[in-house]
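To start, the structure itself, in C-alpha cells.
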Amino acid sequence: MGNNTNEGKKFLDSVYQFFDHAANYSRLDAGILAQIKAPNSVYKVSFPVEIDGKVEVFEGIRVQHSHHKLPSKGGIRFSMQVDEDEVKALAMLMTFKCAVVDVPFGGAKGGVKINPRTSSVKTLEKVTRRYAAELIKKNLIGPGMDVPAPDYGTGSREMAWIADTYQALKYGETNALGCVTGKPVGQGGIRGRAEATGLGIYYGLRETLADTELLAGKGLEGNTMEGKRIIVQGLGNVGYHAAFFCQQDGAKIIGIAEREGGIYNENGIDVQEAFKHRSENGSILNFKDCKNYENSTEMLELECDILLPAALENVIHTGNAENIKAKIVAEGANGPVTREAEQVLLQKGIIIIPDLYLNAGGVTVSYFEWLKNLSNVRFGRMGKRAEEASYRRLVNAIETSSGKNLSMQERALLTQGSDEIGLVRSGLEDTMINAYHEIRDVMVQKNIPDLRTAAFLTAIEKIGVSYESLGIFP
C-alpha cells in the first residue's frame, strides 16, 4: 500500500491516458483540450512550526487544476506520501468529477507531508493553521477562490481550524465560513456530509444494477441490490458508509479488506459490528464467524458480484487484474484501477463504475454546504412548517371526503416536512441518478464501450463549453 514518488507518477500518467483516450471522441479544438488537461497553478510551500521547543519544517502543496468555474474545490490530505504528481492527478480528477455531476467548481487538491497518526493534536493544529495561513497570504483559499475539504488523514476538526484561521485573518467577511467544507455541523457544516460519498456510491451502484441493457448477460439478475455479494477494501468513512447503505438495501458484504488484514464470510458480515470491532481492537482481524486473511490484497481476487475498492489508488494493476473475478468494480477510491489493468478488466467483460462519477457524492454535498454558508441559513428552516401545513390540509380533506380517519403514525408520516438531512439526501440522489443517465446517453450516442471514457467525455464537453463561451482573456 506504500506510495513512493513512482506511484504518484504512475497515477498521474494513468489519469492523463484516460483523458487523452476520451479526448479522441471530442469535437473540441486541440488548444482548448490542452488547456483543460494542464493544471492552472501549483503552489509548493515550506514552513517552520515550533514543536516542543524545536523548530520543524513542513512541506505543503496546493494544486488548482482548473479555473473554468470558481471557486476551485478539492480535499487536503495529511500523509507522509504526499507527492506533487499524486496531488496533480487528484486535482485533475476533481475537475472532471465536478463537471460530471454539474457542481459549478473547478478542481483542486492539496496536502501536507505529516503523519497524522503519530502527531499530537497540538502539532496537527499548529501545522493545519500555518498551512492555512500560507494559502491565505497568497489568496489561494476563500469562498470565491478555492474551497478545501477533508481527505485522507484529515476530517471535520481540521476544517474547523482552517475556517477559524481564515475568519481571524479576514475579519468580518460575511462568507468566511464558506472557505472550507466538511466542517462540524455546529461550525457551519451540513447534516449528511459525513456519509455523503458512501451514500452517493450506493445510489450510483443502485442505478447501475437497474440498467438491464448494460448488465445483459453478466449474471447479475434481479436489477436490485438484493443478495448481491460485495467485497469492500477500506473501512474508512467512504467504504463503511457505502457498505452500510448497500447492506441496508439487501446486499451481502462478504469480505472487508483493511491494511492490517481482512475478514471473509460468505453468509455476510454485519458492517456496523465489524466497524465497532475494529475501533475497539485496533484491528479488523478475528471478527466473529469470519475467516482471517493476513494479506488483505488477496481478497481483491475472490469471487464476488461487486468489488468496492475504497482505500488508495493503483490497487488493481497488471499484477492482479487477470485474477479479478468480480462482475462489477465500483471505484469508491480515486484511481484504484491503473490504465493497463483497466484494459484487462474490460476484455474480461467486467463493468467498471469510474471514480469520477461514483465517488462524487462528497463534492456534491460539499457544494450544498458551501451554498448553505453563502446563504447563511439552514436548508429547510424557512419551508419545513409551511410544507407540513399544506400536507395537513390535504390529509384533512381526504379524511373528510372519505369519512375514514388515519392513525397518528400514518398522519405523522404523510404530513412530514423536509428538513436539512432530507433535502441533502434528495439532492444527492437526484444528482447521482441524472449524472448516471447523462453518461449512459453519451455512451450510446458516441458508441463508447466503457463508462469511464463516457464520463470523461461528458466532463470534457461541459468544460469545453465553459471555455468557449467565456472566451480567453485578454
Side-chain angles (χ1 to χ4, degrees), residues 8-40 63 65-69 85-86 88-103 106-107 204 208 211 213-214 313-314 316-318 321 328-331 334-360 434-472:
K9 179 150 180 20
K10 272 202 321 219
F11 183 25
L12 182 60
D13 288 342
S14 213
V15 178
Y16 278 157
Q17 286 170 333
F18 288 136
F19 175 87
D20 292 339
H21 178 61
N24 289 332
Y25 290 90
S26 173
R27 49 162 192 86
L28 292 167
D29 177 74
I32 293 282
L33 286 169
Q35 166 61 24
I36 294 174
K37 183 175 172 178
N40 283 24
V63 174
H65 175 264
S66 179
H67 294 147
H68 73 284
K69 294 249 195 294
D85 283 337
E86 179 193 46
K88 275 185 184 162
L90 291 162
M92 187 169 173
L93 272 178
M94 280 301 298
T95 294
F96 302 115
K97 197 176 288 191
C98 292
V100 163
V101 291
D102 289 325
V103 165
T208 311
D211 188 339
E213 262 169 65
L214 185 75
E313 58 263 9
N314 301 343
I316 298 174
H317 42 75
T318 40
I328 294 176
V329 172
E331 296 190 332
N334 289 313
V337 180
T338 66
R339 173 83 179 124
E340 297 78 32
E342 172 148 83
Q343 303 312 119
V344 178
L345 298 182
L346 293 174
Q347 270 156 9
K348 294 177 66 166
I350 294 172
I351 289 167
I352 301 170
I353 314 177
D355 49 8
L356 71 158
Y357 160 67
L358 194 63
N359 67 32
N434 289 344
Y436 182 81
H437 293 287
E438 256 182 14
I439 294 166
R440 284 290 280 129
D441 290 347
V442 169
M443 238 177 120
V444 174
Q445 281 159 18
K446 301 265 184 169
N447 201 13
I448 293 172
D450 63 295
L451 285 166
R452 186 188 318 274
T453 308
F456 262 101
L457 185 61
T458 314
I460 289 169
E461 295 291 328
K462 287 179 186 173
I463 298 162
V465 167
S466 284
Y467 276 124
E468 284 177 339
S469 51
L470 289 171
I472 287 173

(message) Counting C-beta onward and ignoring hydrogens, is there a side-chain heavy-atom pair between Ile463 and Thr95 closer than 4.5 Å?
(response) yes
(request) Give the minimum heavy-atom separation between Ala360 and Lys97, together with the two atoms involved. (result) CB-CG, 3.5 Å
(message) For a side chain to side chain donor-acceptor pair (under 3.5 Å) check, start with the C-alpha distance between His317 and Thr338, then their side-chain angles and the critical distance, and finish with the verdict.
(response) CA-CA 5 Å; His317 42 75; Thr338 66; over 6 Å; no
(message) Between Thr453 and Asp450 (side chain of the first, backbone of the second, donor and acceptor by atom type, cut-off under 3.5 Å), is there such a pair?
(response) no
(request) Side-chain contact test, heavy atoms from C-beta onward, threshold under 4.5 Å: evaluate it for Val63 versus Pro39 and give yes or no. (result) yes
(request) Output the distance between atom CG (Asp85) and atom CG (Asp13), rounded to the nearest 0.5 Å. (result) 7.5 Å
(request) Kindly indicate whether the side chain of Leu214, heavy atoms from C-beta on, has any atom under 4.5 Å from the side chain of Met443. (result) yes
(message) Looking at Glu438 and Lys462, is there a salt bridge between them, counting it only when a charged N and a carboxylate O are closer than 4.0 Å?
(response) yes
(message) What's the separation between atom CG in Asp29 and atom CD in Gln35, rounded to the nearest 0.5 Å?
(response) 11.5 Å
(message) With rounding to the nearest 0.5 angstrom, report the NZ to OG distance, Lys69 to Ser466.
(response) 3.0 Å
(request) Output yes when Arg452 and Glu331 qualify as a salt bridge under the 4.0 Å nitrogen-oxygen rule, no when they do not. (result) yes
(request) Please round to the nearest 0.5 Å and tell me the distance separating atom CD1 of Ile448 and atom NZ of Lys446. (result) 7.0 Å
(message) Minimum heavy-atom separation for Ala454 and Val442, please, with both atom names.
(response) O-CG1, 4.0 Å
(message) Can you list everything that forms a salt bridge (charged side-chain N to carboxylate O under 4.0 Å, His left out) with Lys37? Sequence neighbours excluded, please.
(response) Asp20
(message) Minimum heavy-atom separation for Glu461 and Ser26, please, with both atom names.
(response) OE2-OG, 2.9 Å
(message) For Ile353 and Ile328: C-alpha separation, side-chain torsions, deciding distance, then whether side chain to side chain contact (heavy atoms under 4.5 Å, CB included) applies.
(response) CA-CA 7 Å; Ile353 314 177; Ile328 294 176; 3.7 Å; yes
(message) Which heavy atom of Val100 sits nearest to which heavy atom of Ala459, and what is that distance?
(response) CG2-CB, 3.9 Å
(request) Report yes if the side chains of Leu28 and Ile36 come closer than 4.5 Å at any heavy-atom pair, otherwise no. (result) yes
(request) Taking the side chain as every heavy atom from C-beta outward, state whether Phe456 and Leu93 have any atom pair closer than 4.5 Å. (result) yes
(request) Return yes if some donor-acceptor pair links the side-chain N/O of Ser66 with the main-chain N/O of Gly106 below 3.5 Å, else return no. (result) no
(message) Let me confirm one number: the CD1-OH distance from Ile460 to Tyr25, rounded to the nearest 0.5 Å.
(response) 11.5 Å
(message) Does Asn24 have more than 12 heavy atoms from other residues, nucleotides or ligands lying within 6.0 Å of its CG?
(response) yes
(message) Apply side chain to side chain contact (heavy atoms under 4.5 Å, CB included) to residues Ile351 and Val329 and explain how you reach the verdict.
(response) CA-CA 6 Å; Ile351 289 167; Val329 172; over 6 Å; no
(message) Has Glu86 got a side-chain atom pairing as donor or acceptor with Gly8's backbone, closer than 3.5 angstrom?
(response) no
(request) Return the minimal non-hydrogen interatomic distance between Asp355 and Gly335, and the atom names on each side. (result) OD2-N, 2.7 Å
(request) Please confirm whether the backbone N or O of Arg339 pairs with a side-chain atom of Ser14, one donor and one acceptor, at under 3.5 Å? (result) yes
(request) Would you mind reporting whether Leu345 and Ile316 have side-chain heavy atoms less than 4.5 Å apart? (result) yes
(message) Any heavy-atom pair between the side chains of Met92 and Tyr16 that's under 4.5 Å?
(response) yes
(message) I need the minimum non-hydrogen distance between Ala89 and Val15, along with the two atoms involved.
(response) CB-CG2, 4.1 Å
(message) For a 4.5 angstrom cut-off between non-hydrogen side-chain atoms, does Glu342 reach Phe18?
(response) yes
(request) Please identify each residue that fulfils salt bridge (charged side-chain N to carboxylate O under 4.0 Å, His left out) with Asp441, with sequence neighbours left out. (result) none
(message) Rounded to the nearest 0.5 Å, what separates atom NE2 in His68 from atom OG in Ser469?
(response) 10.0 Å
(request) Kindly say whether the aromatic ring centers of Phe19 and Phe96 come within a distance under 6.0 Å. (result) yes
(request) Using salt bridge (charged side-chain N to carboxylate O under 4.0 Å, His left out) as the criterion, list what pairs up with Asp211, not counting sequence neighbours. (result) Arg440
